[in-house]
Amino acid sequence: MRVRFAPSPTGHLHIGGARTALFNYLLAKKHNGTFILRIEDTDEDRSTAESTRSIFESMLWLGLNWDEGAMPDNKEKGAYGPYVQSVREAQGIYRKYADQLVREGNAFHCYCSPEELEESRRKALTEKRDPVYDGRCRRLTGDQRGAFEAQGRKPVVRFMMPKDGAVGWADLVHKEMKFENKVLSDFIIQKASGYPTYNFACVIDDHLMEITHVIRGDDHISNTPLQVHLYAAFGWQVPELGHLSMILGPDGTRLSKRHGATSVGEYRTQGYLPETMRNYLALLGWSNPESQQLFKKGELEEKFDLKGCQKSPAIFDPVKLDWMNGEYIRTLSREEFVGATGPYMDQFGLNVPLSGVPRADIVALEQEKCKLLAELPAKVEFFFKDPVYDQAAVDSTLKKPEVPAILKGVKEAYCALPEFKDVQIEAATRAFAKAGGFKAGQVFHPVRVALSGRTDGPTLFKMIEYLGKEESLKRLDKALALV
RNA sequence: GCCCCCUUCGUCUAGCGGUUAGGACGCUGCCCUUUCAAGGCAGAGAUCAGGGGUUCGAAUCCCCUAGGGGGCGCCA
């Protein structure tokens with residue numbers, strides 16, 4: 001089995017592309033096949049080297065390592081190269097096959113200008129007719145061609161579509177698919193610039209690279225009949241074809257920028273783990289009979305199956321994504337978590353806590369409840385700089401008549417502590433509460449707000465320990481001044 | 001306008017002629033608990049888009065309708 005992911009480098013790798021790449025990758029792993037990365041940069045205007053670089057980076061981050069194909073720094077690996085279509089074009093690969101089709105009468109030169117085509121397309125639409133190419137250049141005489149050439153026109157090459165009959169294929173996810181030829185038009189296979197179009201280059205390369213299974217998005221369904229015609233014209237075997245359902249935004253329309261983050265890179269910077277993205281994306285349009293949600297390392301590769309692919313589109317659910325990221329964050333070792341959060345802490349300059357304890361100790365306090373790495377700095381900031389008192393917390397917790405006495409008492413108790421560790425702090429706090437006739441929570445809550453400025457936070461006595469004696473006493477005074 | 005695809009809890013989905021229509025996220029309640037999470041338990045939530053058939057029996061098979069999505073580029 002040989003499968004490929006063939007992005008066009010006109011932007012970052014987005015969620016839909018990543019899902020397609022993932023499914024191809026999983027399929028290859030499952031069947032011990034080869035996963036190929038081919039760059040389809042036949043859009044001369046929009047393709048950029050920066051996009052290619054960005055796509056590589058996202059693929060690698062997701063762990064979708066490919067066995068063959070284009071590689072960073074203009075390198076490649078594999079015996080079926082080159083794997084970049086612009087490079088293949090420069091070698092004349094596509095022209096050779098386009099010439100063959102013309103020679104054999106399956107394609108023809110068309111001299112219509114883009115403007116002329118656009119005009120007849122618009123006219124057809126306003127007259128509520130199908131905007132299909134009318135075949136006007138199909139049978140040009142030598143004189144007519146000469147006249148066009150004399151005008152300086154450069155022809156495109158069009159495929160000669162049969163007027164009757166139909167094409168079809170047994171789609172791996174949709175089952176039988178069929179299109180009447182009469183609704184298909186003489187599509188362009190080679191642009192005036194000599195570059196191949198997507199539909200043409202794709203077929204030539206899939207054949208030459210001996211791709212056995214083409215798995216791509218549903219948005220390619222209407223291209224498929226054209227491609228099937230091409231395979232037939234060359235007498236080539238059509239690979240297995242499968243079309244994955246689209247990924248939609250929460251409002252049911254195609255996922256786009258207005259739904260929020262759409263590129264893999266954006267999710268990365270927000271602090272989602274690659275494992276989360278792989279697992280979540282796998283569940284969009286695929287499931288196994290057990291409706292299993294979480295997959296251990298290597299388990300997806302083992303369990304993935306095209307049979308579990310959904311035909312209907314799936315709506316991307318950021319809430320479930322967050323839940324899943326929390327699940328994966330909890331599976332990280334303390335060291336992994338600390339390492340992963342490092343850049344986020346650095347970004348806010350949270351390097352050395354006021355008490356001087358290791359930053360890792362502080363960070364580790366939050367691992368259990370962290371859903372997004374990027375939200376960590378805000379949760380632990382008060383260990384590094386003066387707390388920002390949340391007004392709602394102050395009002396609800398500190399504005400009680402008994403609070404001044406409590407804070408004062410706690411301060412005295414802490415002052416007297418020879419060793420400032422969580423066990424001693426807890427004992428002292430409880431002893432004070434008992435002596436003063438307070439319920440534990442009655443004391444704990446104001447102390448938390450006084451020290452951190454918030455009602456939520458890490459486990460209290462570890463928090464106080466890591467804050468340090470000096471800083472804790474200082475903040476108790478500060479809070480006292482507030483009430 | 002034409003072509004194609006899709007339709008089970010709010011969302012992701014299981015189901016493949018006979019099920020109390022199952023799971024997950026989210027939601028509600030309880031337990032745990034110094035807070036927030038996490039965890040445990042319990043619960044609400046789908047007359048299977050609607051309408052016709054076929055059948056003893058339909059979410060499952062067929063037809064129609066509606067809604068949604070995709071495409072109709074010298075973009076991919």
Side-chain angles (χ1 to χ4, degrees), chain A residues 6-10 40-47 110 112-114 117-118 121 124-132 154-158 171 174 177-180 182-185 187-199 201-202 217-225 243 245-246 248 250 252-254 280 283-294 308 310-324 326-327 330 366-371 379 393 397 426 429-430 439-445 447-449 452 454-461 463:
Chain A
S8 75
T10 56
E40 305 214 327
D41 58 344
T42 54
D43 184 332
E44 297 153 279
D45 299 326
R46 296 191 297 156
S47 298
C110 169
C112 298
S113 69
L117 260 12
E118 178 54 32
R121 188 156 39 229
L125 251 15
T126 56
E127 289 171 10
K128 298 191 190 265
R129 286 185 291 109
D130 288 357
V132 289
K154 291 264 182 276
V156 299
V157 179
R158 284 182 185 273
D171 197 274
H174 290 278
M177 301 283 280
K178 194 175 112 179
F179 285 73
E180 298 290 331
K182 66 178 180 226
V183 306
L184 274 16
S185 60
F187 63 103
I188 295 172
I189 60 175
Q190 189 177 90
K191 309 174 193 180
S193 67
Y195 256 60
T197 58
Y198 160 74
N199 279 129
C202 178
D218 259 1
D219 49 343
H220 283 295
I221 284 183
S222 49
N223 286 319
T224 305
H243 293 88
S245 61
M246 300 276 82
L248 273 25
T253 63
R254 200 179 173 147
Y280 183 70
L283 256 26
L284 277 186
W286 175 79
S287 65
N288 66 356
E290 292 76 38
S291 279
Q292 182 178 347
Q293 305 294 311
L294 267 9
Q310 197 75 10
K311 289 192 275 195
S312 50
I315 290 175
F316 188 89
D317 181 7
V319 177
K320 184 162 182 177
L321 212 218
D322 285 351
W323 161 77
M324 194 174 281
E327 291 287 329
R330 265 169 253 125
E366 290 286 342
Q367 178 171 0
E368 285 247 315
K369 48 194 164 183
C370 185
K371 285 191 170 176
K379 287 188 191 292
T397 317
E426 175 163 8
T429 312
R430 287 191 189 279
K439 287 197 289 185
Q442 227 177 335
V443 174
F444 296 165
H445 298 309
V447 169
R448 172 183 294 288
V449 175
S452 71
R454 304 202 318 257
T455 54
D456 63 314
T459 177
L460 187 61
F461 304 107
M463 177 186 113

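Source: prediction; values computed, not measured.
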Closest approach of [X] to [Y] (non-hydrogen atoms, all atoms of both residues):
| X | Y | result |
| --- | --- | --- |
| A/P131 | A/L125 | CG-CD1, 3.8 Å |
| A/L294 | A/W323 | CD1-CH2, 3.8 Å |
| A/T42 | A/Y198 | OG1-N, 4.4 Å |

Is there a side-chain contact between [X] and [Y] (heavy atoms, below 4.5 Å)?
| X | Y | answer |
| --- | --- | --- |
| A/M177 | A/I221 | yes |
| A/L321 | A/F316 | yes |
| A/S47 | A/P9 | yes |
| A/R448 | A/P458 | yes |

Find the distance [X]:[atom1] to [N]:[atom2] and express it as a whole number of Å.
| X | N | atom1 | atom2 | value |
| --- | --- | --- | --- | --- |
| A/E327 | B/A37 | CD | C1' | 12 Å |
| A/I315 | B/G10 | CD1 | P | 12 Å |
| A/D130 | B/C4 | CG | P | 11 Å |
| A/R46 | B/G73 | CZ | C1' | 10 Å |
| A/N288 | B/G15 | CG | C1' | 14 Å |
| A/L284 | B/C25 | CG | C1' | 12 Å |
| A/Q292 | B/A14 | CD | C1' | 13 Å |
| A/Q293 | B/G23 | CD | P | 12 Å |

Plane angle bin for A/F461 and A/F444 - parallel if under 30°, tilted between 30 and 60°, otherwise perpendicular: perpendicular

Could you run down the sub-3.5 Å N/O contacts of the protein with nucleotides 40-51 of chain B?
none

Taking any strand in view, what nucleotide pairs with [N] in a Watson-Crick or G-U wobble way, both distances under 3.5 Å?
| N | value |
| --- | --- |
| B/C41 | B/G29 |
| B/U47 | none |
| B/C2 | B/G71 |
| B/U7 | B/A66 |

How would you label the contact of [X] with the nucleic acid (heavy atoms, under 4.0 Å): base, sugar-phosphate, or nothing?
| X | result |
| --- | --- |
| A/E40 | sugar-phosphate |
| A/T42 | sugar-phosphate |
| A/M177 | sugar-phosphate |
| A/G326 | nothing |

Checking contacts here: which listed nucleotide ([options]) is nearest the side-chain heavy atoms of [X]?
| X | options | answer |
| --- | --- | --- |
| A/F179 | B/C74, B/U11, B/C4 | B/C4 |
| A/R330 | B/C12, B/G39, B/C2 | B/G39 |
| A/S287 | B/G73, B/U13, B/G1 | B/U13 |

Looking only at side-chain N and O atoms, does [X] come under 4.0 Å of OP1 or OP2 in [N]?
| X | N | value |
| --- | --- | --- |
| A/K311 | B/U8 | no |
| A/S312 | B/C5 | no |
| A/Q310 | B/A14 | yes |
| A/K182 | B/C3 | no |

Judged by atom type as modelled, is there a donor-acceptor pair below 3.5 Å linking the side chain of [X] to the main-chain atoms of [Y]?
| X | Y | result |
| --- | --- | --- |
| A/D171 | A/H243 | yes |
| A/S287 | A/L283 | no |
| A/K369 | A/G326 | no |

Quote, to the nearest angstrom, the [atom1] distance that separates [N] from [M].
| N | M | atom1 | result |
| --- | --- | --- | --- |
| B/C30 | B/G67 | P | 45 Å |
| B/U54 | B/C61 | C1' | 8 Å |
| B/A37 | B/C31 | C1' | 16 Å |
| B/C4 | B/U65 | P | 13 Å |
| B/A46 | B/C62 | C1' | 24 Å |
| B/U55 | B/U60 | P | 16 Å |
| B/A44 | B/G70 | C1' | 36 Å |
| B/C2 | B/G26 | P | 45 Å |

Of A/G285 and A/K178, the one whose closest RNA chain B nucleotide lies more 5': A/K178

Residue whose nearest RNA chain B nucleotide is more 5′ - A/C370 or A/H174: A/H174

Separation of A/E366 CD from A/T459 OG1 (nearest 0.5 Å): 10.5 Å

Atom pair OH (A/Y195) and CD (A/Q190), whose distance is rounded to the nearest 0.5 Å: 12.0 Å

Stepwise side-chain contact (heavy atoms from CB on, under 4.5 Å) check, A/K182 with A/V132: CA-CA 9 Å; A/K182 66 178 180 226; A/V132 289; over 6 Å; no

Step-by-step side-chain contact (heavy atoms from CB on, under 4.5 Å) determination, A/N199 to A/I189: CA-CA 7 Å; A/N199 279 129; A/I189 60 175; over 6 Å; no

Nucleotide-resolved protein contact map, nucleotides 26-36 of chain B, B/S/- at heavy-atom distance under 4.0 Å: S-------BBB

Close N/O contacts between protein and nucleotides 64-71 of chain B (under 3.5 Å):
| from | atom 1 | to | atom 2 | distance (Å) |
| --- | --- | --- | --- | --- |
| B/G70 | O3' | A/R254 | NH1 | 3.2 |
| B/G71 | OP1 | A/R254 | NH1 | 2.9 |
| B/G71 | O2' | A/S222 | OG | 2.6 |

Residues that A/D219 engages under salt bridge (charged side-chain N to carboxylate O under 4.0 Å, His left out), provided they are two or more places apart: A/R254

Qualifying residues under salt bridge (charged side-chain N to carboxylate O under 4.0 Å, His left out), relative to A/E127, sequence neighbours excluded: A/R129

Between the protein and nucleotides 20-22 of chain B, list the N/O to N/O atom pairs that are separated by less than 3.5 angstrom.
| from | atom 1 | to | atom 2 | distance (Å) |
| --- | --- | --- | --- | --- |
| B/G22 | N2 | A/S291 | OG | 2.7 |

